[in-house]
Structures are given as C-alpha cells and as structure tokens.
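Notes follow the structure.
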Amino acid sequence: MTQLEKWLDRFTERRVRRAAQLSSRRSTVAKLGAVLAGGAVLPMLPFDRSGKAYAQHGGAASANKADDPMACEYWRNCALDGFLCTCCGGSITQCPSGTEASKVSWVGTCKSTKDGKDYLVSYNDCCGKTACARCLCNFNERERPGYRMGVFNDINWCMANTQTMYHCTVSVIVGVSDAA
Ligand code: ABN
C-alpha cells in the first residue's frame, strides 16, 4: 500500500467514524470512553519517527530540495503531514482559490537552510475542497501525539471551519529564535 493510499485510508476512516459518532445517541458515552481509553493508552504508544529518519536520509540532492517549496524536504515542512499547497494551486503561505485557511493550526520548529536559525512555523490546513492528492508529505520533527494538540499534525484541522473538507496545507512563519 502506498503512502498516499494509507493516508487516504486514515482520512476516510476518520470521517466515517466522525459521521457515525455524530449520528448516534450513544456518542457521548463513546466519546467519554475514547477519552478515558486514549488517556491510558496513548502515552504507551511509540512515536512515529519515520519521517525524521527519511528527512535525514538524503545527500546533495536533498540539500537542493530543502530550498524548493514544491518539495516535501523544503526546510519549513519539518512537521508537516498533508498535501503541499504549493503543488495544489496555492503558495507556501496562500491557500488555493476556493479554499480557506483553517482557524486552528499546529506548529513546528524548523531550522532554516538559509540562516541556520530556528523558526516557529504555523501549519494551516486549507479547507473547502476535496483532498488535493498531490505532494503528500509526512515529517514529524518535534511532533507529539494528540494529547499535545498544538504540536499534533495527524488530524484534520479544518474541523473548526464551516467548510470542514481538507484540501492541502500551508506553512507560515510566525516566529524566530534569536538563540545563536
Ligand atoms: N493536518 C493534515 C491532515 C488532514 C487530514 C487528515 C490528517 C492530516
């Protein structure tokens, strides 16, 4: 199964589960159970470090990709899980037309290849169209499981928007570390 197929599987599963929960009178009990079970089990689960390992894998070619906004390896994408908006008719910071930025987001801290500084990057999902399905990327530097929501990337952040359909993800710099 390709990475894209796996991602679409997870995406579809989540939507179906969510629809089922919303339509069931037992959803409150189910949610409570999920929270209790999740609280007990999640801390025991291993972190997925595969994206990081993949990021560290390349040589000269990946150095060039680190400066290419249309490549998964672009330096700002160090904690991005989703489709790059640069491949979907948008830009690094602009959602494609017909979509709007998610009202909530997750953040990552990525080292710039230009000046070596650490930047705080806000990843906003773009919402309102079906999944773009181009340039699927999954990097997880400093990413944490769902109980640390602000640094959790494996969720559809369009959930707080009126249009909840996920299309792609932009990465916006919101801060810089002045540590040397
Ligand atoms: N935050 C990107 C994303 C969207 C939908 C499902 C998983 C991950």
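What you see below is based on every heavy atom in this structure, not just the backbone, and it leaves out hydrogens, waters and symmetry mates. Numbering starts at 1 and runs along the sequence shown. Note that the coordinates shown come from a computational prediction; the quantities given were computed from them, not determined experimentally. Order of appearance sets the numbers: ligands from 1, and atoms from 1 within every ligand.
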- [ ] Kindly indicate whether the side chain of K65, heavy atoms from C-beta on, has any atom under 4.5 Å from the side chain of N77.
- [x] no
Open item on the list: How long is the straight-line distance from NZ of K103 back to OG1 of T162, given to the nearest 0.5 Å?
Closed with: 5.5 Å
Open item on the list: Taking the two cysteines C88 and C168, do their sulfur (SG) atoms come closer than 2.5 angstrom to each other?
Closed with: no
Task: Point-to-point distance, once rounded to the nearest 0.5 Å, from CD of E100 to SG of C127 - done: 6.0 Å
Task: C85 and C95 SG atoms less than 2.5 angstrom apart - done: no
Dump all N/O pairs between ligand 1 and the protein below 3.5 Å as a table: atom names plus distance, one pair per row.
unit_1   : atom_1 : unit_2 : atom_2 : d
ligand 1 : 1 (N)  : D125   : OD1    : 3.3
ligand 1 : 1 (N)  : D125   : OD2    : 2.9
ligand 1 : 1 (N)  : N153   : O      : 3.2
ligand 1 : 1 (N)  : I155   : O      : 2.7

Open item on the list: Centre-to-centre under 6.0 Å for Y123 and W106, is that the case here?
Closed with: yes
